[in-house]
Protein chains: 2
Amino acid sequence: MQKVTIATVARRAGVSRQTVSNVINTPDVVREETRERVREAIEELGYRVNQAARQMRTGRSRLIAVRIEPARDGINGSVLDRFLHGLTDAAGLAGYRVMLYTAGGDADEIATYDELLNAYDLDAFVLTSTHHGDPRTSWLAARDVPFVTFGRPWGAPDTHSWVDVDNAAGTAAATSHLLSAGHRRIGFLGWPAGSGVGDARREGWHRAAGLSALSATSSDGVEPGAAAAKSLLSRPEAPTALVCASDSLALGALQAARELGRDCAVVGFDDTAVAQAIGLTSVSQPLAEAAARCMGLLTELLDGRAPSLPTTVLLPPSLVVRQTA
Amino acid sequence: MQKVTIATVARRAGVSRQTVSNVINTPDVVREETRERVREAIEELGYRVNQAARQMRTGRSRLIAVRIEPARDGINGSVLDRFLHGLTDAAGLAGYRVMLYTAGGDADEIATYDELLNAYDLDAFVLTSTHHGDPRTSWLAARDVPFVTFGRPWGAPDTHSWVDVDNAAGTAAATSHLLSAGHRRIGFLGWPAGSGVGDARREGWHRAAGLSALSATSSDGVEPGAAAAKSLLSRPEAPTALVCASDSLALGALQAARELGRDCAVVGFDDTAVAQAIGLTSVSQPLAEAAARCMGLLTELLDGRAPSLPTTVLLPPSLVVRQTA
DNA sequence: TTGTAGGCGTTATCAG
DNA sequence: CTGATAACGCCTACAA
């Protein structure tokens with residue numbers, strides 16, 4: 001099977017190479033009849049535009065890059081993977097492909113940008129896990145590289161487009177659910193202040209639960225969560241329900257309650273595999289939609305019809321009610 | 001910042017473009033001194049080979065493709081993600097990049113191969129989730145497309161290179177561990193016969209546990225696993241320990257034992273986040289190593305120094321002992 | 001509406 | 001060992 005180029009198609013359809021190119025890139029400029037004939041030839045020959053050649057001419061690769069992270073504590077790591085899947089789907093629909101890379105830290109990641117940009121002419125980046133003082137966004141912005149972030153620019157002005165999930169709304173919904181189930185003392189188990197995501201999750205609970213409610217903080221993980229929950233449940237006026245900043249913490253809370261022989265409703269966050277497996281009520285992020293919206297913003301950027309102001313998208317999470325609350 | 005091409009470097013180093021190319025691709029053909037001068041120029045200018053141009057010349061893209069699957073039941077889905085991460089790492093080290101795609105089924109996936117091959121000149125594919133009568137391998141083989149599979153060719157002869165984890169050894173190790181802990185009636189909770197992976201996991205247990213041992217099958221999942229475990233534990237001569245084909249099943253078994261008020265040791269498979277979270281003893285697959293070996297086989301294939309016979313790699317899993325066994 | 005003439009950055013070929 | 005030349009497949013002018 002010989003390689004099929006634009007010339008092969010042209011010969012088959014009895015037109016010039018240029019006409020074939022027009023049919024592909026600017027169809028409306030070609031007469032209906034000719035267009036049809038060319039399309040048939042393309043079909044019959046199974047012709048596909050060669051990206052490398054196109055890229056060399058246009059300087060665009062139709063490739064976008066995303067970093068794949070190691071599955072950190074494993075329990076919450078799957079969030080990124082579901083996002084990745086959604087992004088690959090959405091990119092494919094828009095005629096783009098997703099390229100993966102790994103990086104050890106921000107500096108390492110920036111070096112990778114440089115390489116990817118120079119060697120592969122990447123069209124855009126999707127950044128995840130944004131954090132306070134993130135150097136990646138400013139690097140990209142300084143070079144006019146198109147990008148969107150999944151996660152808002154914590155502590156920085158909105159100088160670029162982003163998509164995020166309304167974390168506060170998630171914990172607020174969880175708290176409301178507990179309130180309407182009759183709970184009156186609803187506690188919060190979260191991370192130490194300073195992480196944007198963690199603070200937002202606390203704030204949503206705080207708003208809905210009222211001032212008198214108890215809270216505790218611990219680093220993420222089942223063990224630390226159990227310890228913190230235990231101290232919370234041992235106080236006078238102990239909460240009868242706990243909203244947690246992650247499924248890991250929620251699992252810890254569940255263990256603490258069991259060990260103490262206490263009945264305590266628990267809600268987690270992220271609706272991970274663990275939550276599904278053990279019947280933990282949890283706040284679920286709309287990851288496929290988030291990915292699709294990221295891709296949508298990106299195509300706007302790449303097609304040049306970018307709005308003058310950066311677009312921001314805040315998606316509401318949903319509560320998945322199971323046995324624990 | 002102007003675009004830096006091979007010509008820029010050539011001018012800076014005071015040599016011809018070709019010499020620069022030689023320094024990059026066949027260094028030993030250039031005189032030491034010249035080579036050094038060119039290398040300095042490359043360094044100073046931050047020059048990077050343009051993949052698109054190189055690809056056009058050589059027909060090779062230094063890109064390999066992997067399918068990303070939706071996180072099926074979620075609980076076991078993370079296995080593929082860890083593999084993906086390892087592969088991205090290994091590929092980067094070997095100078096390759098990983099491109100992602102999704103597909104609804106085998107036919108859909110084959111159509112994607114065709115597109116990826118034509119449009120992006122992909123160098124190779126890594127297939128996961130091989131199964132009986134897999135049409136993908138024969139399609140690729142018929143077109144001489146380099147590929148390796150993570151998962152052996154079930155029920156077919158070894159006509160291509162593959163990497164797999166020795167599933168039977170994993171369950172055998174789990175069983176031995178239980179035996180040395182004093183258990184004498186060790187049961188197995190697995191999937192219905194027919195899936196290569198499931199059959200291998202059963203066989204390893206069977207070999208180590210002996211003929212008299214009990215087993216039950218159910219589809220994967222916590223609920224089905226609990227039901228099957230319950231019936232197993234209700235029989236006379238019920239097992240005192242259960243080896244399971246997955247962490248989902250193991251979790252079900254744990255629930256069943258608790259509901260029945262029975263003490264039963266349980267071992268899962270895959271060492272997923274759930275196992276880590278709840279302290280489930282589980283068989284762990286060396287996914288990073290599997291990915292690295294896949295990449296190793298691939299580079300052999302791509303560098304033309306492919307052995308005449310396909311290479312097969314069988315990796316031993318390891319048992320992660322936690323509280324449940 | 002269609003055809004013709006470069007050139008994108010590399011590398012292979014072949015002469016010096 | 002080094003340097004000139006052509007070609008990979010496509011797209012953007014420009015001319016017909």
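Quick note on labels: first sequence line is chain A, next is B, and so on, each numbered from 1.
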Working note: Ser129(A) + Glu69(A), criterion side chain to side chain donor-acceptor pair (under 3.5 Å); need CA distance, chi angles, decisive distance, verdict.
CA-CA 10 Å; Ser129(A) 307; Glu69(A) 303 182 45; 2.8 Å; yes

Between Arg67(A) and Leu127(A), is a side-chain contact (heavy atoms from CB on, under 4.5 Å) present by the stated rule, with each step listed?
CA-CA 7 Å; Arg67(A) 168 173 163 190; Leu127(A) 309 199; over 6 Å; no

Asn50(B) CG to dG7(C) C1', straight-line distance once rounded to whole Å:
14 Å

Could Arg62(B) and Tyr96(B) be counted as a cation-pi pair, given that NZ or CZ must be under 6.0 Å from the ring centre and within 45° of the axis?
yes

In this structure, how many angstroms lie between the P atom of dA12(C) and the CD atom of Gln55(B), rounded?
14 Å

Heavy-atom contacts under 4.0 Å between residues 30-45 of chain B and DNA chain D, which residues?
Val30(B), Arg31(B), Thr34(B)

Which residues pass the side chain to side chain contact (heavy atoms under 4.5 Å, CB included) test with Pro153(A), not counting sequence neighbours?
Ala156(A), Asp158(A), His160(A), Trp162(A)

Any heavy-atom pair between the side chains of Met295(B) and Ile64(B) that's under 4.5 Å?
yes

One thing to verify: whether Glu43(A) and Arg39(A) come together as a salt bridge, which I'm taking to mean a side-chain N less than 4.0 angstrom from a carboxylate O.
no

Measuring from atom CG of Leu116(B) to atom OG of Ser61(B), what distance do you get when rounded to the nearest 0.5 angstrom?
9.0 Å

Five-pair end axes of the helix from dT1(C)-dA16(D) to dG16(C)-dC1(D) and the angle they enclose, rounded to 10°
40°

Taking the nucleotide of DNA chain D with the nearest heavy atom to each, does Ala52(A) or Arg57(A) sit closer to the 5' end?
Ala52(A)

Heavy atom of residues 8-21 of chain B under 4.0 Å from DNA chain C: which residues?
Arg17(B), Gln18(B), Ser21(B)

Any donor-acceptor N/O pair, Gln55(B) side chain to Asn50(B) backbone, under 3.5 Å
no

Separation of dT11(C) atom P from Met56(B) atom CE, nearest Å, is 12 Å

Could you tell me the separation between the CZ atom of Arg62(B) and the C1' atom of dT11(C), rounded to a whole number of Å?
14 Å

Extract, from 5' to 3' on DNA chain D, the first and final nucleotides lying under 4.0 angstrom from some heavy atom of chain B.
dC1(D) to dG9(D)

Salt bridge check, Arg48(A) against Glu115(B): does any charged N sit closer than 4.0 Å to a carboxylate O?
no

Value in whole Å for how far the C1' atom of dG9(C) lies from CZ of Arg54(A):
19 Å

Show the numbers, then the answer: is there a side-chain contact (heavy atoms from CB on, under 4.5 Å) between Val15(B) and Arg37(B)?
CA-CA 9 Å; Val15(B) 298; Arg37(B) 194 148 38 94; 4.1 Å; yes

Between the side chains of Asn25(B) and Arg54(B), does any donor sit under 3.5 Å from an acceptor?
yes

Mind telling me whether Phe125(A) and Tyr101(A) have parallel, tilted or perpendicular rings, with 30° and 60° as the class edges?
perpendicular

Which residues pass the side chain to side chain contact (heavy atoms under 4.5 Å, CB included) test with Leu93(B), not counting sequence neighbours?
none

Distance check needed: dT10(C) C1' versus Arg48(B) CZ, whole Å only.
17 Å

In this structure, how many angstroms lie between the C1' atom of dT2(C) and the CD1 atom of Ile6(A), rounded?
14 Å

